[in-house]
Amino acid sequence: MASTFKTIEGTFDVLPGAAVAVHRVEAWQEVERGIRAVMHRFAFEEIRTPILEPTALIARGIGQLTDIVSKEMFSFERGRTSYVLRPEMTAPVVRAYLQHHLSQRPGAARLCYLGPCFRAERPQRGRYRQFHQFGAEILGVTDSRADAEIILVMMAIYEELGVTGTDLRINTLGDEHSRPRYRQALQAYLEQFKGDLSPISQERLARNPLRILDTKVANERELLQGAPKLPDYVDKHSRAHYEALKGWLDDANVRYTEDPFLVRGLDYYTRTAFELEHAKIGAQSALAGGGRYDLLASAIGSRHPVPAVGFAAGLERLFLALDAAGVTLPGRQPVDVWVVAMGPDAERQAFSLVQACRRAGLRTGSDWSGRSLKAQMRLANRAAASYVVILGERELSSGQVQIRQMRTGMQTAAPMNTIVTYLQSQQNASAIT
RNA sequence: GUGACCGUAGCUCAGGCGGUUAGAGCGCCAGGUUGUGGCCCUGGAGGUCGGGGGUUCAAGUCCCCUCGGUCACCCCA
């Protein structure tokens with residue numbers, strides 16, 4: 001209770017050296033580095049968009065009927081404008097693509113992102129109000145190889161980081177003509193059993209019946225056994241697209257399961273839909289999801305349709321999966337050098353020496369509280385310093401400072417002006433091994 | 001938004017049916033003689049017992065409210 005204020009519900013600080021990886025900066029840095037490395041290798045380029053977007057972009061992009069828009073947005077008015085803290089990144093990326101006419105650049109746009117998103121849900125394991133998404137989008141390509149590539153980068157990231165036990169499920173939702181036909185058929189079927197449906201499903205029946213497909217209620221799942229099947233309604237072209245996608249995935253040796261009940265919570269998906277799940281990370285088992293969204297650009301005002309496909313993944317859930325896989329992530333980073341000084345004259349020299357070390361590229365620490373030698377040595381040890389340079393009255397008068405290699409305890413004297421080059425050579429030597 | 005469980009030092013936790021100055025381990029700080037870390041020993045700092053109200057002679061311990069955490073529903077990343 002040192003402070004009156006604390007992080008608000010569903011948010012958390014990320015600190016150096018925290019015990020739990022998801023709360024530790026060094027772990028985040030490592031994971032982010034890994035994600036970006038894979039994205040880079042797949043020739044995606046990073047895009048950064050504002051956290052604040054116009055509410056209408058999200059509402060029209062994701063769909064008014066979705067849970068995200070209808071009840072999970074952090075939005076507020078200011079002047080005559082309504083703003084949202086972005087709940088996801090796909091709509092903003094497409095907005096940027098249209099705004100900056102990225103279609104005019106040569107070839108397809110291959111964009112990736114990583115950053116905070118916000119949803120006003122009740123927090124629980126793997127679910128926060130401020131959370132982080134990373135993902136990739138390919139805009140301007142109709143071919144199913146784009147769908148396949150999106151799935152491939154996604155899988156590569158988890159594989160690279162050492163996540164095991166994932167389960168990829170895929171489906172096709174059909175196009176803008178066949179999907180409504182199926183919707184009607186499903187609606188008509190479920191209407192007969194309306195009384196047996198849960199209140200939520202009853203609500204959905206009228207507005208968004210496809211969402212009922214992924215219900216967890218046992219008797220509803222039973223009812224769905226006799227329901228019209230989505231694959232039977234999918235149009236010829238979507239069917240072919242889907243078959244081709246499976247072919248590419250097979251060629252790439254990606255394992256997947258087909259799930260005709262897989263639908264997604266965002267309205268903009270057409271044809272391909274997929275989800276990456278993990279069985280051992282709790283109720284929030286979806287690591288990532290995505291699909292094709294050829295209608296989104298038009299929905300947010302583009303005069304020309306933009307074929308597009310992408311995935312989005314949760315960083316916090318990735319941490320859960322990493323933990324389940326037993327992957328260890330880095331903690332506090334050691335320093336190369338720690339400079340110890342005793343007495344005002346030595347402290348003055350030491351201050352300059354510290355800066356000289358840093359200019360030479362050495363990670364260098366020191367303590368300016370005027371502690372005892374013993375205490376300063378202790379700090380050097382805690383900082384996991386490779387070397388300690390000791391400066392006191394004796395060193396000042398002799399011109400020779402002490403250099404101690406902490407691991408071995410070996411200590412030698414050397415002229416003050418040779419220290420930096422000596423430490424540099426030591427660092428280079430250890431870098432090679 | 002609904003439900004269940006939980007909330008004591010920086011961290012992990014003890015604190016039988018309410019009763020003297022609230023404890024431990026780890027961590028932190030400082031000593032263990034003259035200028036040296038990690039091990040060990042000694043000492044010290046640090047808590048309005050999440051916050052507010054109530055019951056009582058007396059509450060960390062009981063009741064209510066509130067805030068937060070956790071897990072599940074829901075939803076999705």
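Not measured: the values here are computed from a predicted model.
- A donor-acceptor contact closer than 3.5 angstrom is absent between the side chains of A/Asn428 and A/Ser425.
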Apply side-chain contact (heavy atoms from CB on, under 4.5 Å) to the pair A/His241 and A/Arg292, showing each step before the final yes or no. CA-CA 11 Å; A/His241 185 91; A/Arg292 179 160 281 279; 3.5 Å; yes

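- Across B/U36, B/C75, B/A77, the shortest atom-to-atom separation from the side chain of A/Gln133 is found for B/A77.
- Aromatic ring centres of A/Tyr128 and A/Phe12 lie closer together than 6.0 Å.
- Phosphate proximity of B/A77 to A/Arg317: absent, as no side-chain N or O sits under 4.0 Å from OP1 or OP2.
- For A/Tyr387, the ring pair (Phe, Tyr, Trp, His ring centres under 6.0 Å) criterion is met by no residue, not counting sequence neighbours.
- Residue A/Asn381 places a side-chain atom within donor-acceptor reach of the base of B/G37, judged by atom type and a 3.5 Å distance cut-off alone.
- Sequence order on RNA chain B of the closest nucleotides to A/Glu316 and A/Ala385 puts A/Ala385 first from the 5' end.
- Here the side chain of A/Met377 is nearest to one of B/G68, B/G37, B/A77, namely B/G37.
- Using a 4.0 Å heavy-atom distance criterion, A/Gln411 is classed as a base contact.
- Side-chain N/O atoms of A/Gln376 and base N/O atoms of B/G35 include no donor-acceptor pair closer than 3.5 Å.
- A heavy-atom distance below 4.5 Å is found between the side chains of A/Gln411 and A/Ile390.
- Nucleic acid contact class of A/Gln130 (heavy atoms, under 4.0 Å, all strands): none.
- In the set B/G35, B/A77, B/C75, the nucleotide with an atom closest to the side chain of A/Met342 is B/G35.
- With sequence neighbours left out, A/Glu121 forms a salt bridge (Lys or Arg N to Asp or Glu O under 4.0 Å) with A/Arg127.
- Within the 4.0 angstrom heavy-atom criterion, base atoms lie near A/Ala286.
- If you check the side chains of A/Arg169 and A/Thr257, you find no donor sitting under 3.5 Å from an acceptor.
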In dot-bracket form, 5' to 3', how is RNA chain B paired? Count Watson-Crick and G-U wobble pairs only if both distances fall under 3.5 Å, and write | where the partner sits on another strand. (((((((..((((.....[...)))).(((((.......))))).....(((((..]....))))))))))))....

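- RNA chain B is contacted by both A/Arg404 and A/Gly126; A/Arg404 maps to the nucleotide lying nearer its 5′ end (nearest heavy atom per residue).
- Two residues are said to be in side-chain contact when any heavy atoms from C-beta on lie closer than 4.5 Å; A/Phe311 and A/Val153 meet this criterion.
- Set against B/G68, B/G35, B/C74, the side chain of A/Glu9 has B/G68 as its closest nucleotide.
- For the OP1/OP2 pair of B/A72 and a distance below 4.0 Å, the side-chain nitrogens and oxygens of A/Gln124 include at least one atom meeting the criterion.
- A/Thr412 and A/Gln402 are not linked by any side-chain donor-acceptor pair at a separation below 3.5 angstrom, with hydrogens and angles left out of the test.
- Out of B/G35, B/A72, B/C75, the shortest distance to the side chain of A/Arg125 is found at B/A72.
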Can you give me the N/O atom pairs linking the protein to nucleotides 26-30 of chain B at distances under 3.5 Å, or say none if there are none?
residue: B/C28; atom: OP1; partner: A/Arg382; partner atom: NH1; Å: 2.9
residue: B/C29; atom: OP2; partner: A/Arg382; partner atom: NH1; Å: 3.4
residue: B/A30; atom: OP1; partner: A/Arg371; partner atom: NH1; Å: 3.4
residue: B/A30; atom: OP2; partner: A/Arg378; partner atom: NH2; Å: 3.1

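- Under the 3.5 Å distance criterion, with hydrogens and angles disregarded, a donor-acceptor pair is assigned to the side chains of A/Gln405 and A/Thr408.
- Proximity of A/Lys374 to the phosphate of B/G31: no side-chain N or O atom is located under 4.0 Å from OP1 or OP2.
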Just list the side-chain donor-acceptor pairs under 3.5 Å for residues 377-386 of chain A, sequence neighbours left out, or say none.
none

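- For the segment residues 110-122 of chain A, the set of residues with a heavy atom within less than 4.0 Å of an atom of RNA chain B comprises A/Arg119, A/Glu121, A/Arg122, in numerical order.
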